Every structure is written in C-alpha cells, then in structure tokens.
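I have placed the structure first, in the form of structure tokens, so that the comments after it can refer back to it.
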2 protein chains.
Amino acid sequence: MRFPKLFERLATLAPLPPEEWVKAEAVAKEQSLAKRELFMRPGDAADRFAVVLQGVFRGVRVSPRGGESIKAFRAEGELIGAYAEMLQRLPSMTAIEALEPSHVLVFQTQDFQQLEQGHVCWERLARRVAEQHFVLKERREQEFLELSAEERLVKFWEEHPHLKGRIPQRDVAAYLGITEVALSRIMSRRRKRAE
Amino acid sequence: MRFPKLFERLATLAPLPPEEWVKAEAVAKEQSLAKRELFMRPGDAADRFAVVLQGVFRGVRVSPRGGESIKAFRAEGELIGAYAEMLQRLPSMTAIEALEPSHVLVFQTQDFQQLEQGHVCWERLARRVAEQHFVLKERREQEFLELSAEERLVKFWEEHPHLKGRIPQRDVAAYLGITEVALSRIMSRRRKRAE
DNA sequence: ACCTGGGCTTGACCTGGGTTAAGGCGGAGG
DNA sequence: CCTCCGCCTTAACCCAGGTCAAGCCCAGGT
C-alpha cells in the first residue's frame, strides 16, 4: 500500500476493503506538476481525475466571452477533475491549474469503471462523492442567493483557512463572483471599520 | 404496477427491474396537497421525499434573518424533498410548498434504504440522482458567476418553459436572487427595447 | 356594482460593485 | 544595484439592483 493515509481518508466516506485499495493503486499513476501547469485544459476529454497528494489547484471556467471564473480550489486529499463534464460525457470546459508545485495521483475513469464492476464498494464510494459534491454546491448556491460579496468573503476564509497565503487575491475574487478591484475595496473597508 | 409512466422515467436513469418497482410502490403512499400547503416545513425531519405526480412545488429556504430565497421549482416527474439535509442527517431548513393543487407519491427514506439493501439497482439509481442534482447545481453556480440578472432570467425561461404561467413573478425573482422590483424593471426594460 | 387585497409596476433615492486608469510595492533577473 | 513585471490598491465615474413608498389592475367576495 503506497498511500495508507489516503486510504484512511477515503474509507471514512464508504467502507473500503484494503485489498480493493491495492487494486486501485495498481492502476493509478503519480504525476508532478510545476506551478501554473495545467492538469486539464478546456477541450480535453474528461476521462481522468486525480487525488491531490501535495499542492493546491484551481478549477477555472473560461466562458465563451473570455471571462474567467473559479469553480473551486482543491488542496491535499481532495479530488480534481472535470466532474460535471465527465458525468455528461462532454469534453472538459474547465481548466485545472496548479497554484504551487504539486503532486497528484491520477486515475483513468475507464480503469475506475473496471474497479466498480469488481466490487460494489467503489460504486458506493462514487455515490458518496457525488452526494458530497452536491452538498457543497448547494451551500454555494445558498451563499449567492442570500449573502453579499463581503459576507461571502468572510465565510470563504472561515471555511478554507488552510488556503491562506496559498492563493492570489484575484482568484479569491473570481471565486466570489466579483472583480479583484471590488475585493480590494471590500478589504480596505473592513480594515477601516475594524480599527 | 400503479404508475408505469413513472417507472419508465426512472428506468432511464438506471436499469430498474419491474419487480423491484412493484416493491417500491408497495411502500409508497399517495398524498394530495392544496395550493399553498406545505409538503415539508423548516424543522421537520428530512426523512421522506416524493415524486410529483401532478402540480408544481417551490423549495424555499428561509434564512436566519427572515429572507426567503428559492432553491428550485419542481413539477411533474421530479423529486421533492430536503435532499441536502437528508444526506447530512440534519433537520430540514427548507419549506416545500405546493403552488397548485398537487398530488405526490411519498417514500420514507427508511423504507428506501430497505429497498437498497434488497437490490443494487436502487443504490445505482441513488447515485444517478445525486449526480444529476450535482450537475444542475453546478450549472446554477455557473450562472451566478458569469451571468447578469437579465441573462439569468432569459435562461430560466429557456430551461423551464413548462412553468410559464404556473409560478408567480416574485418567486422567479427569489429564484434568480433579486427582488421582485428589480425583476419588474428588467422586464419593462426588455419590453421597451423589443418594440 | 362596490369594496378589498394580492400581486405587479413605477418612481425617487441610495449603495455596491464594474470599468478604466493610474500608481505602489516587492521579488526575480539583468 | 536597478529594472521590470506581477499583483495589489486607490480614485473617479457609471449603472444595476436594493429599499421605500405610492399607485395600478384585477379577481373574489358581498
């Protein structure tokens, strides 16, 4: 077992026999990425995903008119991949970029489907992952519906303290749905009020 | 089989043997709701869900400070229930209200778990449902990130033509994340531009 | 026919965030 | 050491949408 820690983490989502984990490791490949390197680019087939072993990634959606917005940040222990496109069998519309020199464990979805056919535990895990993702997106929806940009900012840092100092300001802004200018203003406003 | 149409619809998501469907119908109960009646209210246990046979529902989240925002509308063939709260085993934070005299088919989650243990097809269906929900929420996230209120409005009617005339304006506004005043203005602006 | 109330519209005014453009600042490379 | 570049901040101006309040329209009830 090359990654016992990862195994423990995944096993908290759904029961996962160690021997199945060994099979999974057999089909996985490690990959290193430099800062700014892309794990996936728009147009790529959404036929693989990875677990972050080290580093931070941003999922960027480039809109038709060129606007960039950020769907999520992902750090150690989390999954990266164009999940929605994978489910819909569409090419990726997302760029996934390393914000630091990073290290990931890559799976081909095809190999993973093999695993699923071998043992139900993988199916159950996939379900948990889908449910987890759903809960997170719904929380985000809620934030857009009833919180101001400033409130979203506060909540962001409450929920992602481990990202402090690892992601540029402008990306936080693109995640919150505002410009970096607006974010800067919000922060100076708060500084003033705080003193 | 009391609801063959419903069966066909669900079976498109995942293979579903008819005899399993019969078992499901055995534990389901029909329920009728008057206009404005609540299928679920905030604070209720999130231990049941339903399929809409007839009518339209709105999922309302009442925020701590009293603001109302709308998470989704659901019409014939769709699921209603406090899904996120069910997954997290939390009491419902959502009110689900009939906008018309309606008719639904109710399942207790407990009974459904029984079905899951009897046959994997239900587990697979649950996974598909989770994935489906995720894709929808991600699409909505995208809309908040890169579309103006007016663009969201246009898209809303493109994607939900069957709701035309069935839901009050103010609810559309609450779904888009704006006030009914703003929505009214947007509409008159478009009327002017169109002539 | 008359009230009443709910839902939509309109207007006046305010505020938050977008846009553009001009600095400031700190770190990497010459 | 200086310069350049990437990143952040600040300022000026504009516009979308929020808020409050007054009206309008119409369906239902009397």
Side-chain angles (χ1 to χ4, degrees), chain A residues 34-38 56 58 60 63 65-70 73 95 97-101 143-157 163-195, chain B residues 34-37 56 58 60 63 65-70 73 97-101 141-157 163-195:
Chain A
K35 182 172 175 171
R36 313 231 64 204
E37 195 176 343
L38 298 177
V56 187
R58 53 186 250 227
V60 183
S63 77
R65 310 93 145 155
E68 274 199 2
S69 55
I70 294 199
F73 298 101
E97 182 184 342
L99 294 173
E100 302 175 351
E143 291 171 12
F144 278 113
L145 282 171
E146 56 190 39
L147 266 42
S148 68
E150 176 162 359
E151 294 168 310
R152 296 205 297 278
L153 173 65
V154 172
K155 214 164 178 195
F156 177 79
W157 286 123
L163 294 178
K164 241 175 193 147
R166 302 176 78 181
I167 54 183
Q169 208 102 287
R170 91 154 68 79
D171 286 344
V172 178
Y175 179 84
L176 298 176
I178 58 179
T179 60
E180 59 176 335
V181 181
L183 177 54
S184 178
R185 264 190 308 231
I186 289 172
M187 287 175 46
S188 78
R189 215 188 298 156
R190 311 191 88 237
R191 246 174 278 136
K192 229 163 263 170
R193 243 178 303 159
E195 73 196 22
Chain B
K35 181 170 176 173
R36 313 230 65 203
E37 196 176 343
V56 187
R58 54 188 252 228
V60 183
S63 78
R65 308 95 145 157
E68 275 199 3
S69 55
I70 294 197
F73 298 101
E97 182 185 340
L99 293 174
E100 303 175 350
E141 165 188 82
Q142 211 45 51
E143 291 171 12
F144 278 114
L145 282 170
E146 55 189 40
L147 265 42
S148 69
E150 177 163 359
E151 292 169 311
R152 296 205 297 279
L153 172 66
V154 172
K155 214 164 178 198
F156 176 79
W157 286 122
L163 294 179
K164 248 185 185 137
R166 303 176 76 181
I167 55 183
Q169 208 104 288
R170 93 155 67 82
D171 286 344
V172 177
Y175 179 84
L176 296 176
I178 60 179
T179 60
E180 60 176 333
V181 180
L183 177 54
S184 177
R185 267 191 305 235
I186 288 172
M187 288 175 46
S188 78
R189 214 188 299 156
R190 311 192 88 236
R191 246 174 280 136
K192 231 163 263 171
R193 243 178 305 159
E195 73 197 21

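Residue numbering restarts at 1 for every chain, and letters A, B, ... go by the order of the sequence lines. Predicted model only: the values in this text are computed from it and were never measured.
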Going 5' to 3' through nucleotides 9-20 of chain D, assign each nucleotide B (protein heavy atom under 4.0 Å from a base atom), S (under 4.0 Å only from sugar-phosphate atoms) or - (no protein heavy atom that close). BBBB----BBBB
Partners meeting side-chain hydrogen bond (donor to acceptor under 3.5 Å, both in side chains) with B:E100 (sequence neighbours left out): B:R166
Name all residues meeting the side chain to side chain contact (heavy atoms under 4.5 Å, CB included) criterion together with B:S188; count only those two or more places apart in sequence or in a different chain, and write none if there are none. B:R191
Applying side chain to side chain contact (heavy atoms under 4.5 Å, CB included), name anything that partners B:V181, two or more places apart in sequence or on another chain. B:T179, B:R185
Identify the 5'-most and 3'-most nucleotides of DNA chain C with at least one atom closer than 4.0 Å to a non-hydrogen atom of chain B. C:dG7 to C:dA12
Which heavy atom of A:L176 sits nearest to which heavy atom of A:R152, and what is that distance? O-NH2, 2.6 Å
Residues which pass side chain to side chain contact (heavy atoms under 4.5 Å, CB included) with B:S148, listed by chain and number, not counting sequence neighbours: B:E150, B:E151
Identify, with sequence neighbours excluded, every residue that meets salt bridge (charged side-chain N to carboxylate O under 4.0 Å, His left out) alongside B:E37. none
Counting only Watson-Crick or G-U wobble pairs whose two distances fall under 3.5 Å, which nucleotide matches D:dT30? C:dA1
Hits for side chain to side chain contact (heavy atoms under 4.5 Å, CB included) against A:K155, two or more places apart or cross-chain, chain-then-number order -> A:E143, A:L147, A:E158, A:E159
Contacts satisfying salt bridge (Lys or Arg N to Asp or Glu O under 4.0 Å) that involve residues 168-180 of chain A (not counting sequence neighbours) are A:R58-A:D171
